[in-house]
Amino acid sequence: MMVAGCAEEPASTPPIRAGTPDAPREVNVIARDYAFVPTTIDLVPGETILLHVVNGGLVVHEAVFGDAETQAAWELAEAATVGAPPGPTPVVVVPAETAGLRVVVESGQRVDLRWTVPVSGPLTSGFLVGCHIPGHFARGMVAGVRWVGPDGVPLDASSTGSPGLIP
């Protein structure tokens, strides 16, 4: 007798309630070699979250939350590290006005931080989560962001000026 299993991708996140400064919502992001889990992260504009970034991969990863300009800035900054000698990832920076939120996590580690999601997030172009360690973004290490209301219902793209899911 043969039993076949169905390998469905889990929903992006369970039903949510927007986090507040006094009661932040916990959001888990797992970095693998070369993907994020979940592949879509639900965020409420203006909410406060307690972000847990776990590196379940074998190499250092980062999770950069931001718009297309932020992603491009980190991709350019990290490109300068190509060919660096083995060891810790060289320190790179981008201008504060384009930095977004960047969390660097070593293999097997977890980084926790409190973050207030930008209220303007749904109005920005290309807001997503990416890893810009050289070659990672190009290999598809990206997670989409779905903007949802405080009740967890996806926002209507026509009312926000931005698609609900940016791949």
Side-chain angles (χ1 to χ4, degrees), residues 10-32 34-55 60-80 89 91-106 109-134 136-138 140-167:
S12 58
T13 56
I16 65 168
R17 253 185 295 203
T20 65
D22 292 333
R25 179 171 66 95
E26 293 192 47
V27 174
N28 298 312
V29 175
I30 301 167
R32 293 183 164 172
Y34 301 95
F36 287 109
V37 176
T39 58
T40 302
I41 299 162
D42 290 339
L43 295 176
V44 178
E47 78 171 319
T48 300
I49 65 172
L50 180 56
L51 179 64
H52 307 290
V53 181
V54 178
N55 185 342
V60 66
H61 289 295
E62 66 183 3
V64 174
F65 288 71
D67 62 15
E69 183 180 2
T70 296
Q71 301 300 330
W74 283 109
E75 188 71 8
L76 183 62
E78 290 283 7
T89 302
V91 175
V92 295
V93 295
V94 300
E97 62 274 7
T98 57
L101 172 67
R102 177 178 182 244
V103 182
V104 178
V105 187
E106 296 290 331
Q109 300 295 307
R110 181 176 107 179
V111 173
D112 303 325
L113 61 95
R114 184 182 293 254
W115 181 52
T116 300
V117 176
V119 173
S120 62
L123 303 176
T124 60
S125 176
F127 198 102
L128 51 85
V129 181
C131 179
H132 300 284
I133 302 299
H136 294 202
F137 196 77
M141 194 160 183
V142 178
V145 169
R146 178 173 39 214
W147 297 104
V148 299
D151 56 0
V153 175
L155 297 175
D156 177 14
S158 65
S159 68
T160 64
S162 175
L165 174 63
I166 300 167

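Taking both residues in full, the closest heavy atoms of V119 and P122 are given as O-CD, 3.5 Å, listed atom of the first, atom of the second, then distance. For P154 against V148, the heavy-atom pair with the smallest separation is CA-CG1, 3.8 Å. Across all non-hydrogen atoms, the minimal contact from V44 to I16 is CG2-CD1, 3.7 Å. Here the closest non-hydrogen pair linking V64 and W74 is CG1-CD1, 3.4 Å. Minimum heavy-atom separation, A73 to V94: O-CG1, 3.5 Å. A143 approaches P38 most closely through the heavy-atom pair CB-O, 3.9 Å.
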- Audit row: V54, V105, side-chain contact (heavy atoms from CB on, under 4.5 Å) steps and yes/no: CA-CA 7 Å; V54 178; V105 187; over 6 Å; no
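Between I133 and V60 there is a side-chain heavy-atom pair separated by less than 4.5 Å. Put simply, the side chain of P118 does not reach to within 4.5 Å of the side chain of F65, judged on heavy atoms. No side-chain heavy atom of V103 sits less than 4.5 Å from a side-chain heavy atom of V29. Using a 4.5 Å heavy-atom threshold, the side chains of F137 and Q71 count as touching.
Rounding to the nearest 0.5 Å places NE2 of H52 at 3.5 Å from CD of E26. Between L101 atom CG and I49 atom CD1 the span is 7.5 Å, to the nearest 0.5 Å. To the nearest 0.5 angstrom, R146 atom CZ is 11.0 Å from I41 atom CD1. Remark: M141 CE to C131 SG distance equals 4.5 Å, nearest 0.5 Å. Annotation: the span from L43 atom CG to L155 atom CG amounts to 10.5 Å, rounded to 0.5 Å.
Two rings, from F127 and W147, have their centers less than 6.0 Å apart.
T70 places a side-chain N or O within 3.5 Å of a backbone atom of T98 that can act as its donor or acceptor partner.
Side-chain atoms of E62 and H132 include no donor-acceptor pair closer than 3.5 Å.
The only member of R25, R114, R17 that meets salt bridge (Lys or Arg N to Asp or Glu O under 4.0 Å) when paired with E47 is R25.
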